Amino acid sequence: MASLQLHLLPFSTGPCLPSSRFRRSLVRSSTERQALFNRIAPVYDNLNDLLSLGQHRIWKRMAVSWSGAKKGDSVLDLCCGSGDLAFLLSEKVGSSGKVIGLDFSKEQLSVASSRQKLMSKAFHTNIEWVEGDAIDLPFSDGHFDAITMGYGLRNVVDKHKAMQEMYRVSKAGSRVSILDFNKSINPVIAFTQELMIDNVVVPVASGFGLAEDYKYLKSSIREFLTGKKLEELALDVGFSNARYYEIGGSLMGNLVATR
């Protein structure tokens, strides 16, 4: 989701998606969003690299670093998509740690699992892929030492509930790191984002037969929360500290919240 990365896309990566009705209306229900990410799964990684000129890899490393994940930790990557952040987390926690990559798209999880099988480093075996919903996590309270979410919160229908769930399953003192498009209050940045989506993202996606699927991106950013509102949301559900960082020329943003 972009230098626009759609992760520039990654955007989603994550659990939340669309159906046939979505093509002419804003993607709203989780079922619709799930269908969308299932459709784009086969070309998701290639599009992310192409649309962001590879910059999404830098932003994801920043997000993982901000999570504070370390050797031996048990960590969660929500809306994991094809696994980029989960693989980075596996390097951080090592063979003695554990990574759970959760997504509600079976196709995205299938791609992630296939990528894992091609990797030779021992620590990559510490990842488990789980099909699940970000607003109803199948984990016990205080289970994780760190949580990441890349381009997923924007696509979750109930953001407050998703944040509550992250708070519930995280340990005291742990951090949550959430990367996504920045909803800027600066009109120049907002205009630049929409210009790139209309003139770069959608045309490129059309080459993969996904122009209609990517048109929803602009609306999803408009309906997303500003950095300040994300900080307020984190504090409202119980996090002791929350700070939002604008990155990627302010086109992207990363929320870091401490339990």
Side-chain angles (χ1 to χ4, degrees), residues 1 7 9-18 26-37 60 63-64 66-67 69 75-81 83-86 89 99-105 108-109 129-171 174-183 216-217 219-244 252-259:
M1 189 18 213
H7 213 307
L9 272 159
F11 66 167
S12 140
T13 213
C16 337
L17 330 161
L26 179 64
V27 177
R28 293 186 182 280
S29 74
S30 61
T31 299
E32 289 178 331
R33 298 181 186 203
Q34 188 173 33
L36 167 61
F37 287 101
K60 289 171 184 173
V64 168
W66 269 318
S67 77
V75 301
L76 170 67
D77 180 32
L78 275 178
C79 302
C80 67
D84 281 357
L85 271 71
L89 285 168
V99 179
I100 299 292
L102 181 143
D103 203 290
F104 67 174
S105 167
Q108 290 278 15
L109 291 173
W129 309 106
V130 175
E131 183 180 353
D133 194 329
I135 63 174
D136 186 19
L137 297 177
F139 310 111
S140 60
D141 296 357
H143 188 82
F144 296 103
D145 297 291
I147 298 175
T148 60
M149 192 179 202
Y151 301 92
L153 187 60
R154 177 170 43 82
N155 295 302
V156 174
V157 174
D158 190 339
K159 296 170 180 56
H160 189 273
K161 179 60 176 175
M163 193 69 76
Q164 283 183 320
E165 281 291 270
M166 283 185 266
Y167 177 84
R168 180 183 67 78
V169 303
S170 59
K171 294 180 181 179
S174 66
R175 278 188 241 158
V176 169
S177 179
I178 302 173
L179 171 67
D180 214 309
F181 282 92
N182 175 40
K183 180 180 178 179
Y216 97 98
L217 181 59
S219 296
S220 75
I221 295 175
R222 285 177 179 170
E223 294 201 349
F224 196 36
L225 302 176
T226 63
K228 180 176 177 56
K229 289 296 184 181
L230 286 170
E231 290 177 344
E232 292 175 354
L233 175 60
L235 295 174
D236 182 59
V237 303
F239 285 97
S240 62
N241 180 271
R243 184 169 180 181
Y244 185 81
M252 300 294 121
N254 201 104
L255 175 70
V256 181
T258 303
R259 174 80 154 83

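Model, not experiment: these values are computed from the prediction.
- With contacts defined as side-chain heavy-atom distances shorter than 4.5 Å, the pair Cys80/Leu109 qualifies.
- Remark: side-chain polar atoms of Thr226 are paired, donor with acceptor, to backbone N or O of Lys229 under 3.5 angstrom.
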Practice item. Given side chain to side chain donor-acceptor pair (under 3.5 Å), test Asp77 with Thr148 step by step and report yes or no. Key: CA-CA 5 Å; Asp77 180 32; Thr148 60; 2.8 Å; yes
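- With respect to Lys228 and Glu231, no salt bridge is recorded, no charged nitrogen being found less than 4.0 Å from a carboxylate O.
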Side chain to side chain contact (heavy atoms under 4.5 Å, CB included) between Asn241 and Arg175, worked out: CA-CA 9 Å; Asn241 180 271; Arg175 278 188 241 158; over 6 Å; no
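- Looking at Arg259, its side chain never comes within 3.5 Å of a backbone N or O of Val169 through a donor-acceptor pair.
- What you find for Leu225 and Lys183 is that their closest heavy atoms are O-CB, 3.7 Å.
- Atom CZ of residue Arg168 and atom CZ of residue Phe144 lie 9.5 Å apart, to the nearest 0.5 angstrom.
- No side-chain heavy atom of Ile100 sits less than 4.5 Å from a side-chain heavy atom of His143.
- Annotation: the span from Leu153 atom CG to Leu230 atom CG amounts to 6.5 Å, rounded to 0.5 Å.
- Closest approach of Ser170 and Ile147 over heavy atoms only: CB-CD1, 4.0 Å.
- Taking CE from Met252 and CG from Leu179, the interatomic distance works out to 7.5 Å, rounded to the nearest 0.5 Å.
- Distance alone, capped at 3.5 Å, is enough to place a donor-acceptor pair between the Ser177 side chain and the Ala63 backbone.
- Contact record, Gly81 with Asp103: N-OD2, 2.7 Å, taken as the closest heavy-atom pair.
- Aromatic ring centres of Phe224 and Phe181 lie farther apart than the 6.0 Å criterion allows.
- Contact check for Pro138 versus Leu102: side-chain heavy atoms found under the 4.5 Å cut-off.
- Side-chain contact between Leu89 and Ser67 is present, with at least one heavy-atom pair separated by less than 4.5 Å.
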As a quick check of understanding, evaluate side chain to side chain contact (heavy atoms under 4.5 Å, CB included) for Glu165 and Val156, giving each step before the final call.
CA-CA 12 Å; Glu165 281 291 270; Val156 174; over 6 Å; no
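- Once rounded to the nearest 0.5 Å, the distance linking CG of Leu255 with CH2 of Trp66 reads 10.5 Å.
- Leu217 CG to Asn155 CG: the interatomic distance, rounded to the nearest 0.5 Å, is 8.5 Å.
- Nearest heavy-atom pair, Tyr244 versus Gly253, reported as atom, atom and distance to 0.1 Å: OH-CA, 3.1 Å.
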task: Evaluate side chain to side chain contact (heavy atoms under 4.5 Å, CB included) for Val176 paired with Met149, printing each intermediate quantity in order.
output: CA-CA 8 Å; Val176 169; Met149 192 179 202; 6.0 Å; no
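- Residues Leu137 and Leu78 have side chains in contact (heavy-atom distance under 4.5 Å, counting atoms from C-beta outward).
- Rounding to the nearest 0.5 angstrom, the gap separating the CG atom in Asp158 from the CG atom in Asp136 is 11.5 Å.
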Walk me through whether Asp236 and His160 qualify under side chain to side chain contact (heavy atoms under 4.5 Å, CB included). CA-CA 9 Å; Asp236 182 59; His160 189 273; 2.9 Å; yes
